[in-house]
Amino acid sequence: MRDQLYVPLAAGDIQLAILTPAHREGLRAACHQDLDIWAIYGTSFDPQCFDASFDALIGHKSRMPYAIVHGGAVVGMTAWLRPDWSAQTVEIGNSYIAPLLRSSGFNRQIKTLMFDHAFAVGIRRIEFRIDERNARSQAAARKLGCTKEGILRAERVTWNGHVRDTGLFSMLADDWAELAASASVQGAGQ
């Protein structure tokens with residue numbers, strides 16, 4: 001199932017390209033556009049940590065990272081994490097989008113591409129694990145229609161030593177199909 005899930009994805013001028021060393025400098029430039037954000041991320045991609053974090057991301061066997069490419073430029077990253085093929089679940093994480101594209105509907109386009117693909121290849125549950133301090137990402141998950149299932153207390157220690165409480169959000173295949181059907185009905189009525 002990994003070979004079906006972890007493939008390049010594209011829609012319009014958005015590409016999710018399998019992250020390779022060729023994306024290093026483009027991603028470095030995108031990540032350096034918001035240096036303050038890394039304090040609430042599990043891993044830092046700030047200037048001092050970028051190379052080690054990038055190497056760890058592409059070298060980790062259970063992570064399937066993408067470079068987010070828009071108009072030919074790398075503008076962020078995202079990844080499939082912790083796949084459990086027998087349970088048909090996967091997490092989306094390691095997500096970062098350059099500041100100019102935030103609050104523009106760009107995240108919805110990326111996640112729609114990922115959700116549609118994952119559910120089409122047999123995934124039935126997608127999870128997001130979000131730092132409780134990260135209000136922006138939690139709001140984005142809710143805006144997508146994800147359900148917050150609870151808080152995993154003291155779930156991990158981040159790169160800067162913070163003991164993190166993590167909000168657990170999910171999207172089920174049936175929920176996504178229902179949201180898509182509702183959007184189609186609303187679109188047809190206009």
Side-chain angles (χ1 to χ4, degrees), residues 1-9 15-21 23 27 31 37-45 49-50 52-68 76-97 107-108 110-177 179:
M1 187 180 277
R2 178 186 171 98
D3 292 341
Q4 293 176 319
L5 182 64
Y6 191 38
V7 297
L9 302 172
Q15 296 176 318
L16 297 181
I18 292 175
L19 189 68
T20 69
H23 298 111
L27 185 58
C31 289
I37 201 167
W38 303 114
I40 59 170
Y41 270 58
T43 303
S44 177
F45 282 79
C49 300
F50 182 86
S53 295
F54 183 91
D55 292 342
L57 182 59
I58 64 173
H60 199 290
K61 297 281 186 216
S62 70
R63 294 181 185 221
M64 298 171 271
Y66 290 107
I68 301 171
M77 64 183 161
T78 193
W80 302 117
L81 309 173
R82 303 202 266 206
D84 183 338
W85 309 120
S86 64
Q88 301 166 328
T89 65
V90 71
E91 179 185 348
I92 294 176
N94 278 109
S95 297
Y96 169 84
I97 298 171
N107 182 58
R108 174 171 285 285
I110 292 165
K111 296 308 187 296
T112 296
L113 186 61
M114 294 178 82
F115 286 2
D116 286 347
H117 176 69
F119 295 138
V121 300
I123 295 294
R124 61 171 192 78
R125 176 187 168 87
I126 296 172
E127 295 180 348
F128 294 87
R129 294 172 184 245
I130 304 170
D131 191 315
E132 277 295 289
R133 300 171 298 164
N134 191 339
R136 180 187 299 128
S137 290
Q138 289 200 36
R142 285 187 180 96
K143 193 173 180 179
L144 289 167
C146 294
T147 299
K148 185 171 186 179
E149 297 180 343
I151 298 171
L152 304 172
R153 298 179 309 136
E155 186 257 349
R156 71 182 69 176
V157 179
T158 68
W159 68 276
N160 59 7
H162 175 75
V163 178
R164 176 177 127 169
D165 291 337
T166 300
L168 178 62
F169 291 78
S170 68
M171 176 62 71
L172 304 180
D174 291 344
D175 296 341
W176 187 243
L179 287 169

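Keep in mind that what you see is a predicted model, and the values were worked out from it rather than measured.
Contact record, Ala141 with Ile130: CB-CD1, 4.0 Å, taken as the closest heavy-atom pair. In plain terms, the two heavy atoms of Phe54 and Thr20 that are nearest each other are CZ-O, 3.4 Å. Annotation for Gly42 and Arg164: closest pair N-NH1, 4.1 Å, computed over non-hydrogen atoms. Between Met171 and Phe119, the shortest heavy-atom contact is O-CZ, 3.7 Å. Between Lys148 and Gly167 the shortest heavy-atom distance is CE-CA, 4.1 Å. For the residue pair Met64 and Pro83, the shortest heavy atom distance occurs at CE-CG, 3.6 Å.
The shortest distance between side-chain heavy atoms of Thr112 and Trp176 falls below 4.5 Å. A 4.5 Å side-chain heavy-atom check between Ile126 and Met114 finds every atom pair outside the cut-off. Taking the side chain as every heavy atom from C-beta outward, Leu144 and Leu179 never approach each other to under 4.5 Å. The closest side-chain heavy-atom distance from Tyr96 to Ile68 is not below 4.5 Å. Contact annotation: the side chain of Ser95 never approaches that of Ile97 to less than 4.5 Å [non-hydrogen atoms, C-beta and beyond]. Contact of the Thr147 side chain with the Phe169 side chain is not registered, since no non-hydrogen atoms from C-beta on lie closer than 4.5 Å. With a 4.5 Å cut-off on side-chain heavy atoms, Leu57 and Thr43 do not count as touching. Between Asn160 and Trp38, the closest side-chain pair of non-hydrogen atoms is not below 4.5 Å.
In this structure, Arg108 contributes its side chain and Lys143 its backbone to a donor-acceptor pair below 3.5 Å. Tyr6 places no side-chain N or O within 3.5 Å of a backbone atom of Tyr66 that could act as its donor or acceptor partner. A donor-acceptor pair under 3.5 Å is absent between the side-chain atoms of Asn94 and the main chain of Thr78, judged by distance alone. Remark: side-chain polar atoms of Ser53 are paired, donor with acceptor, to backbone N or O of Ser44 under 3.5 angstrom.
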Might you work through the side chain to side chain contact (heavy atoms under 4.5 Å, CB included) test for Arg63 and Ile58, ending with a clear yes or no? CA-CA 8 Å; Arg63 294 181 185 221; Ile58 64 173; over 6 Å; no

Is there a side chain to side chain contact (heavy atoms under 4.5 Å, CB included) between Phe115 and Asp175? Walk through the geometry before answering. CA-CA 11 Å; Phe115 286 2; Asp175 296 341; over 6 Å; no

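Once rounded to the nearest 0.5 Å, the distance linking CG of Leu168 with SG of Cys146 reads 10.0 Å.
The list of salt bridge (charged side-chain N to carboxylate O under 4.0 Å, His left out) pairs with a residue in residues 119-131, not counting sequence neighbours, reads Glu91-Arg129, Arg125-Glu127, Arg125-Glu149, Glu127-Arg129, Arg129-Glu155, Asp131-Arg133.
Counted by atom type alone, Trp159 and Tyr41 present zero donor-acceptor pairs between their side chains at under 3.5 Å.
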